[in-house]
Amino acid sequence: MTAHDPGQAYNFAYLDEDTKRMIRRAILKGLAVPGYQVPFASREMPMPYGWGTGGVQVTAACLTPDDTLKVIDQGADDTTNAVSIRGFFRRVAGVATTERTAEATVIQTRHRIPETPLTGDQILVYQVPIPEPLRFLEPRETETRRMHALSDYGLMQVRLYEDIARHGEIATSYAYPVKVAGHYVMDPSPIPRFDNPKMHMSAAIQLFGAGREQRIYAVPPWTGVVSLDFDDHPFTASKADHPCAICGATDSYLDEVITDDAGGRMFVCSDTDYCATRQESGHD
Amino acid sequence: MIDVEDVAKDFTLHNQGGTVLRVMEGARLSVGPGECVGLVGASGAGKSTLMRMIWGNYRIDAGSVRVGGVDLATAVPRDIIALRRATLGYVSQFLRVVPRVPTIDVVAEPLLTLGVPDDEARDRAAALLTRLNIPERLWPLSPTTFSGGEQQRVNIARGFVHPWPALLLDEPTASLDAANREVVLSLILDAKAAGAAILGIFHDEDARARVCDRLVDVTSFAPERAAA
Amino acid sequence: MTDTPLLSVRDLEKRYGARIGCTDVSFDLWPGEVLGIVGESGSGKSTLLNCMAGHLAPDRGQVLFDTSDRGLVDTVTMSEPERRMLGRTDWAFVHQNPRDGLRMAVSAGGNVGERLMAVGARHYGRIRDTAEDWLSRVEIDPSRIDDRPRQFSGGMQQRLQIARNLVTGPRLVFMDEPTGGLDVSVQARLLDLLRGLVRRMGLSAVLVTHDLAVVRLLADRLMVMKDGRVVETGLTDQVLDDPRHAYTQLLVSSVLQV
């Protein structure tokens, strides 16, 4: 693919074609070995690490001129991070953008999975800060790689054990570890554990990009994604026990919003598109 | 039960230019079931050396020492370990135990090693400690803090807690008062009556006369040049 | 008595370049036996232990282990997953320094439970019950199950390391100076504990130490090493009371009476 606009200094979607090919190879390898962290030569992007450089590179490698892109941050389309990345791709790829989950073909996300079920025509790209779920218990990368290779995951379970021992329940509420396709344990990025079940047997392609750590991993469509737990402390997809104060939804993940200095607060859908769509169809 | 034939013993002193010192040769004796044989001879004549070869902590340079069918001159370590576990008992002069282990457990240990249930092993240990006049208040304490006589009695209790078919006794009555000496002699006589083959070193002539059926003088096992 | 050794080491050698780590080492270890390996620093005893336990790759030789399903298998040529599985089921390794054998950021219960979880235990309540049971077996108050190892004394840390290792009921334990760095009285308690566990669980053990008093009390058999080679072997009391090799005589005569 050549630059979409000869007058512009950038190649389509900012990255040069060789880089995109390299990233696509990593993506394909990741899809072939679900949950396995594939190293890739992460590029400098025109934004700081921590702003989703991994996700941006994966998105850039996936986009075609016909795609429609949606970018969300914590479920919202209108936060700085989402607006900037959406603007970035509008400029360097000229693709259509949308805030509607159902209209998007590529969705880049930070910290959430949309409430609207994804379809087989969609790619969900996650921004990942720390791809290694074993990191905090075993700092040696040589050892964690070996543990993944041998499915030596007792230690991961120890982390959940410690949670219960300290808090009486599994208190890990985001970046909750999952086992993919019965082999690799994977960090699902810092999505709330409420979203974990959405990864399981999803029709969409799920791609994970960690820019600073130079890792890409993936979950192909219709793949089993199981949250780790104990027989007597089973996994629960918890959320705040309220309906959305705006659209009344009881099945969506909620943000707590402080409304005044007197302790006033309300719970509203974190997925702004979901909430808006419900309001339009008369829920409030 | 215990058969010593043509046994010789050398010591090689590497720290003194590799000198080989022959300290015993042509040693022979045998002890049958229900028999008690006393080793006699001047101090340094080799009583303890012979005893240690039978126990297996001294190596045998010639001849054979058979205890219950095992030849200690050629046996591999695990056969000797098994022999000591079930067949061959030893009351040494000194108690060597892990510090801080209660007396009752020190005495019961040989039984536990044989797989006797804990309660039964402790009951048998308790019975022997009682018989040897070790007050019950001392049982939970480590014997390392005891007096010499008390330690010796703990050692004896440990040596008699299992009915070993062959038994080696190194000065069992030393440092004991008259009453406890009587208890030890009765333990020896009981073991004999139960069919144990006993080989002992007794400096106490009266004790020797009361328990020994025969005496063997180790002086006759001294090598020619040393005997001169 | 069984006729298959639990561990059979054949002609083991490890070199560090031109220097010999250990060479020409062969022996059998039988079920229920404790083998002591003594020698001074640099004698090759730790190299040998690490080669046997799979922490170092030997340059030559075999380390045959009597696996429960396939009989004697050479663990040197075994695949790594198999060796790891062995390392958390039938084998255990007690390090001299508890920090090398414990996860210092994980609670005592998590430390003990790790091996259980590694072999598939997924019931929190049962893992915790087992951990409490093991803490009391190694004389640590079970109420301290949620404390981290750094809140424990050196002796307690070492006992925790032992509990963590023995919880899956291994058949063979490798110990590298397990009582090193502990006070004499704490050592004694640990020795007694180890002796009891060895006896009750029918464990076999290979114990590396430079402390002759420790092997006297713990080991059935002894192997004396010097310059990477075994210079003398035999029953523990035989080697200590009637040493044959010049080096062993020197070793035995250089220590205070044990």
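Quick note: numbers below take in every heavy atom, side chains included, and nothing from hydrogens, waters or symmetry partners. Here is the naming used below: chain letters follow the sequence lines, and residue numbers restart at 1 for every chain.
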message: Does anything in residues 87-113 of chain C reach chain A? List residues with heavy atoms under 4.5 Å apart, or say none.
response: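 Within residues 87-113 of chain C, near chain A: Arg88(C), Arg103(C), Ala105(C), Val106(C), Ser107(C), Gly109(C), Gly110(C).
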Proximity of residues 161-177 of chain C to chain A, residues having a non-hydrogen atom under 4.5 angstrom: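 Expected list: none.
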message: Using a 4.5 angstrom heavy-atom cutoff, name the option from Asp229(A), Leu160(A), Leu155(A) with the most pairs to chain C.
response: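 Among the listed options, the one with the most contacts to chain C is Leu155(A).
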What do you reckon, is [atom1] of [X] surrounded by more than 12 foreign heavy atoms closer than 6.0 Å?
| X | atom1 | result |
| --- | --- | --- |
| Lys179(A) | NZ | yes |
| Asp251(A) | CG | yes |
| Tyr16(C) | OH | yes |

- prompt: What heavy-atom pair brings Asp232(A) and Tyr124(C) nearest, and what distance separates the two atoms?
  reply: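 In terms of heavy atoms, the two residues are closest at OD1-N, 2.7 Å.
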task: Measure across Phe230(A) and Ile127(C) and return the closest heavy-atom pair with its distance rounded to 0.1 Å.
output: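 Looking at all heavy atoms of both residues, the closest pair is CE2-CD1, 3.7 Å.
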Heavy-atom distances under 4.5 Å only: say whether [X] touches chain C with side chain, backbone, both or neither.
| X | value |
| --- | --- |
| Leu150(A) | side chain |
| Glu162(A) | side chain |
| Leu228(A) | neither |
| Arg159(A) | neither |

Contacting region of Leu116(C) [heavy-atom separation from chain A under 4.5 Å]: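 The answer is neither part of Leu116(C).
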task: With rounding to the nearest 0.5 Å, note down the distance linking CZ in Arg84(C) to CZ in Arg146(A).
output: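 It comes to 6.0 Å.
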task: Would you check if there is a donor-acceptor pair between the side chains of Asp231(A) and His123(C) at a distance under 3.5 Å?
output: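 Judged by distance alone, the side chains do not pair up.
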message: Only pairs of heavy atoms separated by less than 4.5 Å count here; which of Arg115(C), Glu114(C), Arg126(C), Met85(C) has the most with chain A?
response: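 Of Arg115(C), Glu114(C), Arg126(C), Met85(C), Glu114(C) has the most heavy-atom pairs under 4.5 Å with chain A.
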